[in-house]
Colleague: 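Pasting a structure below so you can have a look.
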There are 2 protein chains.
Amino acid sequence: MRRDVFQAIADPTRRAIIALIALQAMTPNALAENFNTTRQAVSKHLRILTECELVKQEQQGREIYYSLEIEKMKEIDSWLAQYRKIWETRFNQLDQVLLTLKK
Amino acid sequence: MRRDVFQAIADPTRRAIIALIALQAMTPNALAENFNTTRQAVSKHLRILTECELVKQEQQGREIYYSLEIEKMKEIDSWLAQYRKIWETRFNQLDQVLLTLKK
DNA sequence: AATTTGCGAAACCGAATAGTTGCGTATATA
DNA sequence: TATATACGCAACTATTCGGTTTCGCAAATT
């Protein structure tokens, strides 16, 4: 099973889960109440997110709190960095053009 | 068919295509030669990338050159921005702790 | 004009995926 | 101790996905 961060964030429900647990740790039941889905479905998404280390869990009694592993999000950021470089270069080039026109 | 950027970049072959055409426009055949796959397979990926506007095409005779629509990549960047804010805040907090310890 | 080349599109197939249902287990509550 | 709650896991189903094969069309080459 090839699980990577990009595959994990491909699903909109998972992105919604990420958005919620980024703010505070939550249980599967609490998460399911926020969507039109069952606890089991959320549970499966959490398993995928856990497998690619985007999420960490903490047991408290019979409840399991899930929270975002923010470090892993940087992996997407570093992939994006190469393209950010491109659009920043283009922006600077445009900037140059505008400056030249102004003169 | 729900095509969005996140679903598009989920596939490793598509990320490789993006990396190549970010540097220069390429034809499906030229792209296929860079991978262990057929032109048709590449063609399907290009269709998906085109549908979500990550890629633009330019016909030249019977050849079609595909290149990256860098603007669309910013969509991923702006989604990531909310999380970047989180890790930067945490970094600053850690920075504060280190400063306090130093004194 | 006949052939080759570059391409998209459709039909098809096996694998993966999202979701449901049902189960077993552990913790909490009565 | 009996019951309710929170959860993960496995089995099952419908759908989607990545890839191949085949086809037809248009542009280039002979």
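Letters A, B, ... mirror the listed sequences (proteins, then strands); counts begin at 1. Below, each value reflects all heavy atoms present in this structure, side chains not excepted, and no hydrogens, waters or symmetry copies.
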Colleague: Whole angstrom is fine here: how far is it from CZ in B:R3 over to C1' in D:dG18?
Modeller: 11 Å
Colleague: What donor-acceptor contacts under 3.5 angstrom involve side-chain atoms of residues 15-25 of chain A, with partners at least two apart or in another chain?
Modeller:
| residue | atom | partner | partner atom | Å |
| --- | --- | --- | --- | --- |
| A:R15 | NH1 | A:I9 | O | 2.7 |
| A:R15 | NH1 | A:A10 | O | 3.2 |

Colleague: If you find the nucleotide of DNA chain D closest to B:I48 and the one closest to A:Q57, which residue's nucleotide is nearer the 5' end?
Modeller: A:Q57
Colleague: Between B:L46 (CG) and C:dG6 (P), how many Å, whole number?
Modeller: 16 Å
Colleague: For the pair made of OH in B:Y65 and P in C:dG6, what is the distance, rounded to whole Å?
Modeller: 10 Å
Colleague: Just to confirm, is there a sub-4.0 Å distance from OP1 or OP2 of C:dG6 to any side-chain nitrogen or oxygen of B:T27?
Modeller: no
Colleague: Decide salt bridge (charged side-chain N to carboxylate O under 4.0 Å, His left out) for A:R47 and A:E51; before the verdict, give the C-alpha distance in whole Å, the side-chain angles of both, and the deciding distance to 0.1 Å.
Modeller: CA-CA 6 Å; A:R47 196 156 85 100; A:E51 272 172 20; 3.7 Å; yes
Colleague: Which pairs, with at least one residue in residues 6-50 of chain A and sequence neighbours excluded, count as a ring-ring contact (aromatic ring centres under 6.0 Å, His included)?
Modeller: A:F6-A:W79
Colleague: Side chain of B:N29, heavy atoms from C-beta onward: which of C:dG6, D:dA6, C:dA9 has the nearest atom to it?
Modeller: C:dG6
Colleague: Looking at every non-hydrogen atom in both residues, tell me the closest pair between A:A30 and A:N34 and how far apart they are.
Modeller: O-ND2, 2.9 Å
Colleague: Any idea which heavy atoms bring B:L46 and B:P28 closest together, and the distance?
Modeller: CD1-CG, 3.9 Å
Colleague: Between P on C:dT5 and CD on B:E33, what's the gap in Å once rounded to a whole number?
Modeller: 13 Å
Colleague: Identify, residue by residue, the members of residues 14-25 of chain A with a heavy atom below 4.0 Å from DNA chain C, and return them in order of residue number, or none.
Modeller: A:R14
Colleague: Using a cut-off of 4.0 Å between protein heavy atoms and nucleotide atoms, how would you tag nucleotides 19-30 of chain C 5' to 3' with B, S and -?
Modeller: BBBB----BS--
Colleague: Tabulate below the donor-acceptor pairs under 3.5 Å that side-chain atoms of residues 60-69 of chain B make, not counting sequence neighbours, or state none.
Modeller:
| residue | atom | partner | partner atom | Å |
| --- | --- | --- | --- | --- |
| B:E63 | OE1 | B:Y65 | OH | 3.2 |

Colleague: CG of A:L49 versus P of C:dA18: gap in Å, rounded?
Modeller: 10 Å
Colleague: Nearest-Å distance, CD (A:Q7) to C1' (C:dA15)?
Modeller: 13 Å
Colleague: Quick one: closest heavy-atom pair of A:A8 and A:L49, and the distance?
Modeller: CB-CD2, 4.1 Å
Colleague: What integer distance in Å separates B:E63:CD from D:dT29:C1'?
Modeller: 13 Å
Colleague: Nearest whole angstrom, please: distance from the C1' of D:dT16 to the CZ of B:R47.
Modeller: 14 Å
Colleague: Can you name the closest pair of heavy atoms from B:C52 and B:K72 and give their distance?
Modeller: O-CE, 3.2 Å
Colleague: Taking only residues two or more places apart in sequence or in another chain, which ones pass side-chain contact (heavy atoms from CB on, under 4.5 Å) with A:E33?
Modeller: none
